[in-house]
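There's a structure below that I have some questions on.
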Amino acid sequence: SSDVCSSDLTVTLLNSKWEVVKRNLPFEVIPRKDEFIWFEEQYFEVVNVVHQIDKQQSIFVIVNQLTNKPLIKNFKIEKNE
């Protein structure tokens, strides 16, 4: 079966120079390009996602660390009353 949370799945965060930021992170859903990750009190923007498929699947999420909180346009939360 192809379970995203299987024990064969490895997720590693890399910076834009492909240096390891953090290995073996547990993700229920693999982040996509242009999404943001809040990790260790910092925001990271996902630049790209690389899948290496061998005997086990390895996933590398390339990120840029943001110095400021990301600006999210057109985001509105409506209360249901």
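Residues: numbered from 1 along the sequence shown. Every heavy atom of this structure was used, including side-chain atoms; hydrogens, water molecules and symmetry mates were not.
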Quiz item: Do Phe27 and Val49 share a hydrophobic cluster, counting only Ile, Leu, Val, Met, Phe, Trp and Tyr and linking them when any side-chain heavy atoms are less than 4.5 Å apart?
Solution: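 The answer is yes; both residues are in one hydrophobic cluster.
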Quiz item: Is there side-chain contact between Val63 and Phe39, with heavy atoms separated by less than 4.5 Å?
Solution: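 With C-beta onward as the side chain, the pair stays apart.
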Without placing hydrogens or testing angles, list every side-chain donor-acceptor pair under 3.5 Å for residues 12-24, not counting sequence neighbours.
residue, atom, partner, partner atom, Å
Asn15, OD1, Lys17, N, 2.9
Asn15, OD1, Trp18, N, 3.2
Asn15, OD1, Glu19, N, 2.9
Asn15, ND2, Glu19, OE1, 2.8

Quiz item: Are Val61 and Leu25 connected, step by step, through hydrophobic side chains (Ile, Leu, Val, Met, Phe, Trp, Tyr) whose heavy atoms are closer than 4.5 Å?
Solution: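 They do share one cluster, since a chain of ILVMFWY contacts under 4.5 Å joins Val61 to Leu25.
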Quiz item: Is any side-chain heavy atom of Leu66 less than 4.5 Å from a side-chain heavy atom of Phe36?
Solution: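 Sidechains of Phe36 and Leu66: in contact.
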Quiz item: How far does CD of Glu45 sit from CD of Gln65, to the nearest 0.5 angstrom?
Solution: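 So the gap between those two atoms works out to 12.5 Å.
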Quiz item: Do Ile37 and Phe60 belong together in a cluster built from hydrophobic side chains that touch within less than 4.5 Å?
Solution: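 Looking at the clustering, Phe60 is in a separate group from Ile37.
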